[in-house]
K.L.:
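I am attaching a structure below and will ask some questions about it afterwards.
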Amino acid sequence: MKILLVDDDQLDRALVIRALKKSNLDTQVSEAMTVDQGLEMYASNDYDVVLLDYQLPKRNGIEMILELRSGSKDNSSAAIVMMSSSEDEQLSLDCIQAGAQDFLLKSEISAARIKRALLHASTRFELERKLYATYQKVKSLAETDSLTGLSNRYFFDESLKQVLAINKRSHKKVALLVFDLDDFKLVNDTFGHDVGDLLLKKVVIRIQGCLRGNETFARLGGDEFAIMLGNLDSCDHAGQVARRIISVLYKPFDIASTSIKATLSLGISLYPDNGLTSEELFKHADIAMYRAKKNGRNQICFFEEEMQHKFHNRVKTEAELRLAIEKGQFQLYYQPVINPQNNQLQGFEALIRWNIDGELRTPDKFIDIAEETRQIIDIGFWVIEEAITMLARWNQKYNCALTMAINVSAHQLCDQTLVKFLDDSLKRNNVAAELIDIELTETALFLDTNDTRDVIVGISDLNCRLSLDDFGTGYSSISHLRKYPIAVVKIDKSLMPEKQGDLKHVALIESLVSMASILGLDIVAEGVETEFQLNICKKFNIQHVQGYYFSKPLTQQEIENKYLNQLITFS
Ligand code: C2E
Ligand code: MG
Ligand code: MG
């Protein structure tokens, strides 16, 4: 029997070792004098019993028991017998409660007594371990579905209730997805229950493959399943997960040399929008699922009309976006950038529009969808090429050196080919890089990975100017301005003072201007709509402004007619 004896008192240790020798037990004793020393030895050796003194320097024996029973090592490996000189009943109970198997009074230590304590503690400990293993097994049987290994309805229900209770405080959304296989009965009737069971297992494996792993996924019974998505910032995510689930079933399953096609109908309810309790959420997800079945199966239904509508629009937009470049539906509009001191045109910002059969869509209707589906990468290339080509044409035709600002989204910065594409486009069109401003938002800088940093630095190394868009709306951290080679900040329109007496905004603009000038940055004021705002910009010596006061974004033709075909100066 391997024993770890932890006691700071040398005489007490000698007493114990003598008693052990006399006991005729075959023991091997290692000695430690402090809790820390004991824990260290325990971590690197296997012991059958720890004989532990309560009164130890710095940390007492109970603290050591607690660490032994909660640490990362498989702590169920040793029984613990606590020793103390104190006859305090409560102390002995506390030790047992903390995880010791027996308690010995030092005054009572004898060969027979210590032998009995060691044997009883080991036996008791072994029984406790078995009991715990049985408990774990019963628990898992009670909570999991034996066919698929998923959680069962009981566990799912409990988890959902818990998550709802937590979310009451956090105000995040929770989505409940309930689905069942379409015509599963037919599979059972045609191929038999064994094939039906296999199909269920395979369906589960495919669905698990498209989940992140932090969702609760359960088989409620038969061919009915549920998934809970917690901590959602937006409901759109629930729709995306649901679509992934439907799409992983596109490929048929090969089971018992038969190819079986499975589809499912899925209903979604949302907390807190569609219910505050698990019962309500289940009821509403079920209703949505039956609606999905009634509408023709193999589809997704939200409980709420409005969500359903949003979801449909999104799916439609995604599909339309895929063809938009090919069909030549994108168009750039250009908003003039003006020097307010002399009203001279300095350049433009290129702003994308999506023209579907005469209906002009602004970026807020599609850019975030394009970003999520990564279609923004190709759209972004199109924008860069189009804007640079247009600038080359204008500068040549009108013999000027106007600038062009191009918006680039965070996702584009993860694409290492962006810098080369930009460089090629500049060369192809014979445009000087200094005339191009690449506009980034702070969200893009927040990604801050090595890849994005390489792209950002690469753009600046080409000699294009990096411009920080919408400054003052998001996190607006000065550290970004110092960390990246930013040359321009664009003060967001929301910071423009609205009227005389809006002293707060005036002071804000003034301080931003002085900060930018200290950092050597150029400033563009966005959203200048009124003469009052223009005068503020003039007063603070802002060199570039953009806004409806001068012009809305215009088409190529309009820009040529209104600006380029005339004198470039206007008033
Ligand atoms: P942004 O880059 O901050 O562009 C300025 C937005 O403010 C434009 O909206 C512009 O039309 C609008 N605006 C300009 N002057 C005024 C004004 O005086 N008052 C008001 N209220 N608004 C003014 P737009 O064109 O709808 O673009 C919205 C956003 O979409 C842009 O914000 C930009 O972040 C993004 N975006 C536009 N084009 C592209 C693009 O080609 N690629 C990417 N990734 N994003 C783009
Ligand atoms: Mg911009
Ligand atoms: Mg902006």
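Counting starts at 1 for both ligands and their atoms, following the listed order.
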K.L.:
Between Tyr549, Phe471, Tyr548, flag the one that comes closest to atom 18 (O) of ligand 1 by a heavy atom.
P.N.:
Tyr548

K.L.:
For atom 15 (N) of ligand 1, which of the options Glu386, Gln335, Gln546 provides the nearest non-hydrogen atom?
P.N.:
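Nearest option to atom 15 (N) of ligand 1, by heavy atoms: Gln335.
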
K.L.:
Taking distance alone, with N or O pairs closer than 3.5 Å, would you say Glu349 contacts ligand 1?
P.N.:
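For ligand 1, there is an N or O atom that lies under 3.5 Å from one belonging to Glu349.
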
K.L.:
Looking at atom 38 (N) of ligand 1, what's its closest protein heavy atom, distance included?
P.N.:
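For atom 38 (N) of ligand 1, the nearest protein heavy atom is Ile352 N, 3.1 Å.
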
K.L.:
Looking only at non-hydrogen atoms, which of His411, Arg361, Glu529 approaches atom 21 (N) of ligand 1 most closely?
P.N.:
Glu529

K.L.:
Flag the pair Glu359 and Lys365 as a salt bridge only when some basic side-chain nitrogen lies within less than 4.0 angstrom of an acidic carboxylate oxygen.
P.N.:
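Judged by the 4.0 Å cut-off on N to carboxylate O distance, Glu359 and Lys365 do not form a salt bridge.
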
K.L.:
Which class fits the ring pair Phe366 and Trp354: parallel under 30°, tilted 30 to 60°, perpendicular over 60°?
P.N.:
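The rings of Phe366 and Trp354 stand perpendicular, inter-plane angle above 60°.
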
K.L.:
May I ask you to decide if Gln556's main-chain N or O and Glu558's side chain share a donor-acceptor pair within less than 3.5 Å?
P.N.:
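It does not hold such a pair.
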
K.L.:
Is any side-chain N of the basic residue among Arg428 and Glu385 closer than 4.0 Å to the acidic one's carboxylate O?
P.N.:
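Looking at Glu385 together with Arg428, the answer is yes, because their closest N to O distance falls below 4.0 Å.
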
K.L.:
May I ask you to decide if the ring planes of Phe225 and Phe217 are parallel, tilted or perpendicular, using 30° and 60° as cut-offs?
P.N.:
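It falls in the tilted class, 30° to 60°.
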
K.L.:
Does Lys552 make a cation-pi contact with Tyr548, if we ask for NZ or CZ under 6.0 Å from the ring centre and within 45° of the axis?
P.N.:
yes

K.L.:
Nearest heavy atom to atom 27 (O) of ligand 1: which of Ala370, Pro363, Ala525, Ala405 does it belong to?
P.N.:
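Considering heavy atoms of Ala370, Pro363, Ala525, Ala405, the nearest to atom 27 (O) of ligand 1 sits in Pro363.
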
K.L.:
Considering only NZ, NE, NH1 and NH2 on the basic side and carboxylate oxygens on the acidic side, decide whether Arg322 and Glu318 come within less than 4.0 Å.
P.N.:
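Looking at Glu318 together with Arg322, the answer is yes, because their closest N to O distance falls below 4.0 Å.
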
K.L.:
Check whether any side-chain N or O of Gln533 sits under 3.5 Å from a backbone N or O of Glu529 as a donor-acceptor pair, and report yes or no.
P.N.:
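Checked: pair present.
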
K.L.:
Does Glu158 CD have over 12 foreign heavy atoms under 6.0 Å away?
P.N.:
yes

K.L.:
Please state which protein non-hydrogen atom is closest to atom 1 (P) of ligand 1 and give its distance, to 0.1 Å?
P.N.:
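For atom 1 (P) of ligand 1, the nearest protein heavy atom comes out as Asp469 OD2, 3.6 Å.
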
K.L.:
Which of the listed options, Ile406, Asn407, Val383, holds the heavy atom that is closest to atom 43 (C) of ligand 1?
P.N.:
Asn407

K.L.:
Is it the side chain, the backbone, both or neither of Asp470 that has a heavy atom closer than 4.0 Å to ligand 1?
P.N.:
side chain

K.L.:
Taking it one step at a time, do Thr555 and Gln557 satisfy side-chain hydrogen bond (donor to acceptor under 3.5 Å, both in side chains)?
P.N.:
CA-CA 5 Å; Thr555 61; Gln557 199 58 57; over 6 Å; no

K.L.:
Look at atom 32 (O) of ligand 1 and say whether a protein heavy atom is found at less than 4.0 angstrom from it.
P.N.:
no

K.L.:
With a heavy-atom distance limit of 4.0 Å, tell me whether Ser409 approaches ligand 1 through its side chain, its backbone, both, or neither.
P.N.:
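Contact part for Ser409 vs ligand 1: both backbone and side chain.
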
K.L.:
Considering only heavy atoms of Pro553, which atoms of ligand 1 have at least one such atom less than 4.0 Å away?
P.N.:
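Once the distances to Pro553 are compared, the set is 11 (O).
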
K.L.:
State whether Asp522 and Arg465 are salt-bridged, where the test is any N-O pair (Lys NZ or Arg NE/NH1/NH2 against Asp/Glu carboxylate O) under 4.0 Å.
P.N.:
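Yes.
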
K.L.:
Under 4.0 Å, heavy-atom basis, I'd like to know which part of Lys493 is in contact with ligand 1: side chain, backbone, both or neither.
P.N.:
side chain

K.L.:
Give yes if a backbone or side-chain nitrogen or oxygen of Arg353 is under 3.5 Å from a nitrogen or oxygen of ligand 1, and no if not.
P.N.:
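So ligand 1 has an N or O lying under 3.5 Å from an N or O of Arg353.
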
K.L.:
Quick one: look at Glu439 and ligand 1, take heavy-atom pairs under 4.0 Å, and tell me if it's side chain, backbone, both or neither.
P.N.:
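Only the side chain of Glu439 comes within reach of ligand 1.
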
K.L.:
From the options Ile246, Asp180, Asn298, select the one residue that forms a side chain to side chain contact (heavy atoms under 4.5 Å, CB included) with Leu264.
P.N.:
Ile246

K.L.:
Which is it for Asp470 and Thr441 under the side-chain hydrogen bond (donor to acceptor under 3.5 Å, both in side chains) test, yes or no, and what are the steps along the way?
P.N.:
CA-CA 7 Å; Asp470 304 343; Thr441 57; over 6 Å; no

K.L.:
Please verify whether a non-hydrogen atom of Asp364 lies at under 4.0 Å from ligand 1.
P.N.:
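Checking ligand 1 against Asp364, which is what was asked, there is no heavy-atom contact under 4.0 Å.
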
K.L.:
Kindly compute the distance separating CZ (Arg361) from CG (Leu321), expressed to the nearest 0.5 Å.
P.N.:
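With rounding to 0.5 Å, CZ (Arg361) is 8.0 Å from CG (Leu321).
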
K.L.:
Any idea which atoms of ligand 1 are less than 4.0 Å away from a heavy-atom of Gly547?
P.N.:
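Listed by number with element: 15 (N), 18 (O).
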
K.L.:
Ring-plane angle category for Trp394 and Phe348, please: parallel below 30°, perpendicular beyond 60°, tilted otherwise.
P.N.:
tilted

K.L.:
Please list the nearest protein heavy atom to atom 5 (C) of ligand 1 with its residue and the distance rounded to 0.1 Å.
P.N.:
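It is Glu526 OE2, 3.5 Å.
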
K.L.:
Return all protein N, O or S atoms below 2.8 Å from the Mg ion (ligand 2), chain by chain in residue order.
P.N.:
Glu349 OE2, Asn407 OD1, Glu439 OE1, Asp469 OD2

K.L.:
Among all the protein's heavy atoms, is there at least one whose distance to atom 9 (O) of ligand 1 comes out below 4.0 Å?
P.N.:
no

